[in-house]
Each structure stands twice: as structure tokens, then as C-alpha cells.
Amino acid sequence: MAKIGTDLNSFILEEERKYPNATGSLSRALVAIESATKVIASHVRMAGLADVLGKAGKTNIQGEEVQKLDELANNIMIQYLSQSGEFFALASEELDEPIYPEEGKNGKYIIAFDPLDGSSNIDVNISIGTIFSIHKRVNSDVSDFLQEGCKQVAAGYIIYGSSTMFVLSTGNGVNGFTLDPAVGMYLLSHPNIKIPEKGKIYSINESNDKKWIDKGLKEYIESLKEEGYTSRYIGSMVADVHRTLIKGGMFAYPADSKNKNGKLRLLYEGSPMAFLITQAGGIATTGKEDILDIKPTDIHQRVPVFLGGKYEMEKLKEFLNNG
Ligand code: AFP
């Protein structure tokens with residue numbers, strides 16, 4: 001087990017040594033994400049002083065207003081991921097279609113990412129983040145993005161909160177690395193993260209409860225309240241999931257009469273978070289099936305998301321089955 005304070009680069013190389021046939025490609029790919037997110041973190045930290053707050057004056061394929069920092073973060077990710085030469089294709093929340101960087105012609109991987117999740121919270125200084133999901137290149141076309149979540153080779157997020165933390169899984173558990181701005185390195189601060197079996201917090205946008213489609217969901221939330229659970233909802237998935245991973249409980253964005261398949265995107269929100277929560281001993285479901293078993297049909301498709309500790313998710317299944 002890596003020691004507290006181990007820097008992310010050394011940790012990645014240590015992980016690589018566990019695979020005698022490893023070529024170093026995945027390590028270089030992860031280091032590119034590490035570098036890109038350090039640059040994004042510096043812009044986020046200075047956001048109030050630099051002219052990066054507010055809207056960019058355009059709408060993305062989700063129909064959302066693009067924030068200036070969204071666009072900046074997207075460009076930084078594309079630059080560093082392309083330069084690495086490890087990614088044959090990139091898909092982003094801010095790009096209608098995937099792009100195929102010249103440098104990645106021989107790349108072994110593809111990546112889907114949300115460059116800045118929770119961007120409607122940027123101007124009010126609330127935690128935001130970057131989320132990514134890496135799969136192997138198979139057919140060398142867009143169908144490579146339509147692989148199940150259980151086939152991810154790595155997934156993670158970077159939360160730009162009271163500190164900046166890189167939370168990563170390559171399929172051997174989940175580890176958290178805090179950015180030390182003084183040395184410019186992500187250092188291991190949260191080794192082998194395990195989500196508590198049972199928590200005390202539920203996290204869901206209750207203002208939508210009259211529109212929820214799942215029968216039994218309202219009763220489920222009421223039963224958690226009766227058990228003394230408290231409510232926390234930030235509106236940035238990265239921040240709400242990070243708290244759930246560390247403290248336990250549950251987070252959800254269910255389907256409702258407005259968002260028939262929920263609001264969150266499968267490839268670069270639902271699937272990578274499901275991979276991390278499952279690697280940490282939790283459960284991630286649509287309410288009907290495991291999110292990691294879904295075979296995507298569209299790169300921007302949405303999915304209902306329920307994730308959390310074993311107790312909360314087993315209890316949810318009971319309520320939704322009896323709803
Ligand atoms: P933005 O990136 O547009 O802020 O959306 C954030 C998000 O995709 C996810 O991070 C939140 O969990 C969810 O939307 C919040 O949605 P509501 O504002 O409808 O609760």
C-alpha cells in the first residue's frame with residue numbers, strides 16, 4: 001500500500017509495475033489529465049480576479065448556457081490529452097461529436113469527460129469539478145464510446161473545493177490525492193477509500209419530488225428522514241458524490257416528468273462515478289439495473305442515478321420494488 005504523501009506520478013508508476021506487460025500508455029494518459037487539471041485548478045482559484053466568470057454567450061448540445069470557464073477548461077483538457085498521444089478519440093460534454101486528435105493516431109485509449117461539472121455554481125464560488133472515464137480503443141470509431149461502464153480501465157474526478165483533490169481508480173480500489181500548491185504536486189491523502197456501509201445523509205433535489213417517476217421514491221426519502229438522516233444538496237455532482245464517498249449515505253438524480261431519463265449524462269457523469277462508488281464498496285443503480293451494465297446508445301445520453309452505501313441502496317431497492 002502506497003504511503004501517505006506519495007505523489008500521484010510515483011503512485012501511477014507503482015500501479016503500472018503490477019502489470020508486467022504494461023507499456024506505460026495508461027500512465028502517460030493519466031499524467032496528461034493530472035497536468036491539465038493543475039492548470040484548470042489555477043484558473044478556478046483565480047476566477048474572481050480574471051475575466052473568466054459569466055457566460056461564454058453560446059449553448060452546448062445539452063441546451064445549457066456555456067460558461068467561460070467551461071470553455072477554458074474544455075480547451076485545456078483537449079490540449080493536454082491530445083498532446084499526450086495516448087488518446088485516439090476525445091468526447092466532451094462541451095463537444096457535439098467526438099474529436100480524433102492527429103497526435104492520437106496510434107493511441108490505445110479513448111476518453112469521455114465533463115471538463116467542468118457544476119458550472120452553474122462557478123460564479124457563486126461553490127465546489128465544481130472535472131470528471132473523466134477511460135476505455136480501451138477497439139473499433140477505432142465512435143462505437144468505442146458505446147462500451148459498458150464495467151469495461152472502463154480508469155475513471156476519476158478532480159474536485160476544486162476547499163482544496164483540490166484528484167480521486168482515481170484503475171480497477172484496484174479508489175485513492176485520493178490532494179494538490180499541494182506549494183510544490184505543485186498531488187499527494188496521497190486518502191488511500192484505499194471505502195464508502196461507509198451506512199451513513200446519515202441523503203442528497204437529492206427535493207424541489208423535483210412532485211415530478212419524480214419512480215413509485216416508492218418519496219416514501220424512501222421520508223423513511224430516511226424518520227431514521228434521522230439529514231439533507232445535503234450542492235447541485236454539483238462531483239461535490240455531492242465526493243461527500244457521499246467519504247461520509248456515506250446516498251446521492252440521486254432520478255428520472256422525472258421533465259427529464260424522463262434523469263438529467264445526468266451516462267458517459268462522463270453516471271458511468272465514471274458508478275465505477276468509483278462500486279470500487280469503494282458502494283452500489284450505483286438506475287433503480288432498475290446496475291449503471292455499469294448499461295450499453296450506451298448515444299454519447300450524450302442521460303441516465304437516472306442512485307448511488308451510495310450498501311444500506312441505503314439495498315433499502316432503496318426494497319422501496320422501489322414495493323412502490
Ligand atoms: P451544470 O454543470 O449545468 O451546473 O449541471 C450540474 C449537473 O449536471 C450536476 O453536476 C448536478 O448534480 C446537477 O446538474 C444539478 O441539477 P439541478 O440543478 O437540476 O439539481
Side-chain angles (χ1 to χ4, degrees), residues 37 40 43-44 47 52-74 77 91-96 112-133 155-161 165 167 201-214 217 221 231-245 249-274 276-277 284-287 291 299-308:
T37 55
I40 294 171
H43 285 284
V44 168
V52 290
L53 291 182
K55 301 187 175 88
K58 60 175 135 178
T59 304
N60 65 19
I61 189 167
Q62 335 278 345
E64 293 163 344
E65 291 229 57
V66 178
Q67 308 291 317
K68 286 182 186 167
L69 211 46
D70 266 330
E71 202 169 39
L72 180 65
N74 194 46
M77 287 290 278
S92 164
E93 182 195 36
E94 302 304 334
L95 295 172
D96 298 3
F113 59 92
D114 182 348
L116 217 51
D117 174 64
S119 48
S120 58
N121 280 325
I122 294 170
D123 294 6
V124 287
N125 229 344
I126 289 173
S127 301
I128 51 182
T130 298
I131 311 172
F132 67 89
S133 165
Y157 60 80
I158 296 83
I159 179 167
Y160 311 107
M165 192 191 285
V167 176
I201 297 171
Y202 72 90
S203 181
I204 191 168
N205 186 340
E206 279 187 278
S207 68
N208 296 330
D209 70 358
K210 291 190 179 36
K211 296 184 288 205
W212 290 342
I213 291 174
D214 295 286
L217 179 53
I221 298 294
S231 170
R232 290 283 183 278
Y233 188 75
I234 297 165
S236 290
M237 184 189 197
V238 168
D240 284 314
V241 170
H242 185 66
R243 183 199 54 249
T244 305
L245 184 63
M250 59 80 66
F251 164 79
Y253 205 109
D256 60 42
S257 51
K258 180 168 162 255
N259 300 299
K260 295 267 181 309
N261 291 313
K263 178 185 179 184
L264 304 174
R265 282 45 60 106
L266 175 61
L267 259 64
Y268 40 81
E269 290 178 314
S271 190
M273 292 305 199
L276 292 163
I277 290 287
T285 174
T286 64
I291 289 173
I299 62 170
H300 297 294
Q301 79 182 72
R302 299 173 191 267
V303 64
V305 171
F306 297 89
L307 55 81

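Since the model is a prediction, treat every value here as computed from it, not as a measurement. Whatever order the structure lists ligands and atoms in, that order sets their numbers, starting from 1. Index from 1, following the sequence.
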Can you give me a line-by-line list of nitrogen or oxygen pairs between ligand 1 and the protein shorter than 3.5 Å?
{"residue": "ligand 1", "atom": "2 (O)", "partner": "G118", "partner atom": "N", "Å": "3.1"}
{"residue": "ligand 1", "atom": "2 (O)", "partner": "S119", "partner atom": "N", "Å": "3.2"}
{"residue": "ligand 1", "atom": "2 (O)", "partner": "S119", "partner atom": "OG", "Å": "3.4"}
{"residue": "ligand 1", "atom": "4 (O)", "partner": "S119", "partner atom": "N", "Å": "3.2"}
{"residue": "ligand 1", "atom": "4 (O)", "partner": "S120", "partner atom": "N", "Å": "3.0"}
{"residue": "ligand 1", "atom": "4 (O)", "partner": "S120", "partner atom": "OG", "Å": "2.7"}
{"residue": "ligand 1", "atom": "8 (O)", "partner": "R265", "partner atom": "NH2", "Å": "3.3"}
{"residue": "ligand 1", "atom": "8 (O)", "partner": "E269", "partner atom": "OE2", "Å": "3.2"}
{"residue": "ligand 1", "atom": "10 (O)", "partner": "D117", "partner atom": "OD1", "Å": "2.8"}
{"residue": "ligand 1", "atom": "10 (O)", "partner": "D117", "partner atom": "OD2", "Å": "3.0"}
{"residue": "ligand 1", "atom": "10 (O)", "partner": "M237", "partner atom": "N", "Å": "2.7"}
{"residue": "ligand 1", "atom": "12 (O)", "partner": "M237", "partner atom": "N", "Å": "3.4"}
{"residue": "ligand 1", "atom": "14 (O)", "partner": "K263", "partner atom": "NZ", "Å": "3.1"}
{"residue": "ligand 1", "atom": "16 (O)", "partner": "K263", "partner atom": "NZ", "Å": "2.9"}
{"residue": "ligand 1", "atom": "19 (O)", "partner": "Y253", "partner atom": "OH", "Å": "2.7"}
{"residue": "ligand 1", "atom": "20 (O)", "partner": "N205", "partner atom": "ND2", "Å": "2.8"}
{"residue": "ligand 1", "atom": "20 (O)", "partner": "Y233", "partner atom": "OH", "Å": "2.6"}

Tabulate below the donor-acceptor pairs under 3.5 Å that side-chain atoms of residues 263-272 make, not counting sequence neighbours, or state none.
{"residue": "R265", "atom": "NE", "partner": "K263", "partner atom": "O", "Å": "3.3"}
{"residue": "R265", "atom": "NE", "partner": "E269", "partner atom": "OE1", "Å": "3.0"}
{"residue": "R265", "atom": "NH1", "partner": "Q62", "partner atom": "OE1", "Å": "3.0"}
{"residue": "R265", "atom": "NH1", "partner": "E93", "partner atom": "OE2", "Å": "3.1"}
{"residue": "R265", "atom": "NH2", "partner": "E93", "partner atom": "OE2", "Å": "3.0"}
{"residue": "R265", "atom": "NH2", "partner": "E269", "partner atom": "OE1", "Å": "3.4"}
{"residue": "Y268", "atom": "OH", "partner": "Q62", "partner atom": "NE2", "Å": "2.9"}
{"residue": "Y268", "atom": "OH", "partner": "H300", "partner atom": "ND1", "Å": "2.7"}
{"residue": "E269", "atom": "OE1", "partner": "R265", "partner atom": "N", "Å": "2.7"}
{"residue": "S271", "atom": "OG", "partner": "Q152", "partner atom": "NE2", "Å": "3.2"}

Q. Got a sec: does the CG of D209 have more than 12 other heavy atoms crowding it under 6.0 Å?
A. yes
Taken in chain and number order and not counting sequence neighbours, the residues that satisfy ring pair (Phe, Tyr, Trp, His ring centres under 6.0 Å) with Y202 are none
The side chain to side chain contact (heavy atoms under 4.5 Å, CB included) partners of S119 (sequence neighbours excluded) come to Q67, D70, I122
Donor-acceptor contact present, side-chain D240 to main-chain I234, <3.5 Å:
yes
Checking side-chain polar atoms at under 3.5 Å, does Y160 have a donor or acceptor matched by the opposite partner on T130?
yes
